[in-house]
Each structure stands twice: as C-alpha cells, then as structure tokens.
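A note on names: the letters A, B, ... follow the listed sequences, proteins ahead of strands, and every chain is numbered from 1. Quick note: numbers below take in every heavy atom, side chains included, and nothing from hydrogens, waters or symmetry partners.
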There are 2 protein chains.
Amino acid sequence: MGGQRPGPETLLFLTDEQLRRGIEAMYFAYRGFTADPDRILAEHGYGRAHHRALHFINRFPGTTVNNLLGILGVTKQSLNRVLRSLIDDGLVDSRVGTRDKRERHLHLTERGQDLEQTLSEVQARRVRAAYRAAGPEAVLGFRRVLEAMMDADQRRQFLPPAEEKTP
Amino acid sequence: MGGQRPGPETLLFLTDEQLRRGIEAMYFAYRGFTADPDRILAEHGYGRAHHRALHFINRFPGTTVNNLLGILGVTKQSLNRVLRSLIDDGLVDSRVGTRDKRERHLHLTERGQDLEQTLSEVQARRVRAAYRAAGPEAVLGFRRVLEAMMDADQRRQFLPPAEEKTP
DNA sequence: CACTTTATGTCAGTGTTGTTGACATTCCAA
DNA sequence: TTGGAATGTCAACAACACTGACATAAAGTG
C-alpha cells in the first residue's frame, strides 16, 4: 500500500492512510487514556460513569442534576443509578436548592474529593507524559484537532466563545 | 521521545488547567468520534464492537482470531459473540487455516466490505473536517500526542519501529 | 386558585459489551 | 503418545446505556 508520493502538504496530509492512522490512534489512545482510572475504579466497584460524574461535579461544584445530564449526554435513569451509589457511599452530597427547591445541587464530600483527586492524578500523569513526549507545539495541535472533532454543542459549552483573550 | 530539552515553556504549558482541558477534550472528542458510526451501526442492530472487528479484519485480511484478540484486547468469548453474528449475517468469512487447521482466517465478504466502507466513510469525514479546521501542523501534533498516550504494546504493534525523529 | 411545566426520582425491562469459569474439539509439537 | 495451543461454546454476571411509565414536589402561568 504505497502512494507516498510527496506532493503539496495540503494534499498529502489528508490521504486515506493518514486518516486511518488518525482513527486507529484515536481508538488506542482512548483505551490508554481510560486504562489507569479504570483499574482504580474497579477496586471501588465503580466504572467510568462514576468517574465522569465525579469529574464534572468537581469541576462545577453545586451543579444540578439537569446540568450534569446536559454535559454527560445520558438519560436521567442512567445518571441517577450512578449518582445514587455515589451519594449512598458518601462521596457526593445532594442538597435541595434554596432558590428553587426542585433542584438538587451536587457537591463532592471530602471522600469524594479524595477519590476524584486519585483518579485525576493517574489520568493526568499519562496525559502529562504524552505531552512531554510530544512537545508543546504538538499539544496545541492535539487540542485543536480534538476540539474540532467535538460536537458543536459541547464545543460551545466548554470553549470560551471569545477564542484568545478572555477577560 | 529523545532530545527533550527542558526549556521555560516546558514548565509553563503543563499546568493543571491545561491537563484538565486536554482530558475533557479527549472525552468529548471521543464521543464525537464514535457518534456517526454508532448511528449507522444501530440501524443494523450492531454496536461498536462490530465496527472494530470489521475495521481490523479489513485492515488485516486473513487475520486469525487470536491476532484479533491481541489487537482488540478483549476476551475470546466477547469477540466470539461479535464474530458469530457477523459471520451468520454474511459480513465476515471464516476460513479454516491451510497450514494450521486450528486457526480461522477472517475476511470480509462483499457485504462486509460495503458496511465497513460506509462506517469508515462517516468517521473519516469527521476526522477530515477536524484536520482541515485545525491545519496540517496541528494534525502532526495530534497524532504525536495520541501515539504517546497509547500503551506501549499497541504503539509497538501499529507504529513502524524505525520512526524515530532526528534529534 | 387551577393548571401546566419543570426537576427529580424510581420501577421495570432490554440490549451491547465486557468479564469469569468450565468444558470440548482439533491439531501441532516434543 | 501426551501436553499444550487455538478455537468454539455454554452459562452466569456486571456495567452502562436505552425506553417507557409513573410519582412527587415545586415553580410558573392563566
């Protein structure tokens, strides 16, 4: 399977071969990306869904269930199963809203923060290692491609609409 | 990998914020990455595991079950369930090995190739769009970071070992 | 106030994909 | 001939997603 005819860059980097490599790299990298937290989660009887909940509750303390549903893109039944166990195990605190008493505001307990920290740590370690191996310019490109690959809604939600200089 | 000189920006860009953004981008991008094939697979009553099997059988025609197990990193029971349905549905052909009759060599049938092509197409379309939006240099960085994030075994399996960059 | 909508929780069922464990068959190799 | 490797199959189980239906409480609206 050749075709490595050196042409203009703009044509060269969009070959099927380049795309295939990108696709496979994405698959294998995501496996590596989740492997370390998965091991720790398994020790606690949890799965990836618990990690995601812990991550975003830590990121947005006091977020509501509905907020979380929007971020995670799952059904409330699916999220509720996860939240239920985290609350029962004392990792997440669910407080009735003061302004709107229908809402539940979610916070990590001290133990929840501990586990989230542990999970973040091992995951960040691998990402950090990959960043170091690839170099600063590569990291910028990495993020740029990933952000272009996201669905538009998520991109809007997690990237400041004013790209560069945010106040 | 080699020749990493510690400059001032090496410390600067590895902030927790940068890591967190990378982690979230990875999560959301992977969701986007799988979203389009998932829709098509659902129409056929298949899931991601079927896509992965089709992809790697297409990539390595005649591969054995054991080979595939090594690539996919799942149990033979899990893979067998998927292969079973693909074979029964006439998308994959399983041929007893000539040299070693215990082995089964896997090939895509014409219909299997068709579906694989359809799935690849929509996935590649998104990747291509992301590549275009991010630019050629970003793509190189993207791949470099992803490859550094993979487990070492997969990297060895899917990257030409002679791909060391000159320091 | 009556009515509707929203936010949340829960029950029941289903499907995909992963796991372990056990067992059978085939066949290469020492 | 015996051991082990490659494969297939059966059963059970768990995580995590889905749909659909129903309940409750509170907020918003007429």
> Of A/Arg48 and B/Asn66, whose closest DNA chain D nucleotide lies nearer the 5' terminus?
Replying inline: B/Asn66
>> Applying a 4.0 Å non-hydrogen cut-off, can you work out what A/His50 is touching in the nucleic acid: base, sugar-phosphate, or nothing?
In response: sugar-phosphate
>> Strictly below 4.0 Å, N to O, side chains only: are A/Asp151 and B/Arg126 in salt-bridge contact?
In response: yes
>> Between B/Arg20 and B/Glu17 (salt bridge meaning N to carboxylate O under 4.0 Å), is one present in this structure?
In response: yes
> With a 3.5 Å cut-off and just heavy-atom distances, do the side chain of B/Lys101 and the base of C/dT26 make a donor-acceptor pair?
Replying inline: no
Expressed as a whole number of angstroms, how long is the span from [X]:[atom1] to [N]:[atom2]?
| X | N | atom1 | atom2 | result |
| --- | --- | --- | --- | --- |
| B/Leu69 | C/dT19 | CG | P | 10 Å |
| A/Gln77 | C/dC11 | CD | C1' | 10 Å |
| A/Lys76 | D/dA17 | NZ | P | 17 Å |

> What class does the angle between the rings of B/Phe60 and B/Phe56 fall in, given that below 30° is parallel, 30 to 60° is tilted and above 60° is perpendicular?
Replying inline: parallel
> A/Phe142 vs B/Phe142 aromatic rings, parallel, tilted or perpendicular, using cut-offs 30° and 60°?
Replying inline: parallel
> Can you check whether B/Val82's main-chain N or O pairs, donor with acceptor, with B/Ser85's side chain at less than 3.5 Å?
Replying inline: yes
> Is the backbone N or O of B/Asp89 less than 3.5 Å from a side-chain atom of B/Arg111, with the two atoms forming a donor-acceptor pair by type?
Replying inline: yes
> Where along residues 78-98 of chain B does a heavy atom come under 4.0 Å from DNA chain D, residue by residue in number order?
Replying inline: B/Asn80, B/Arg84
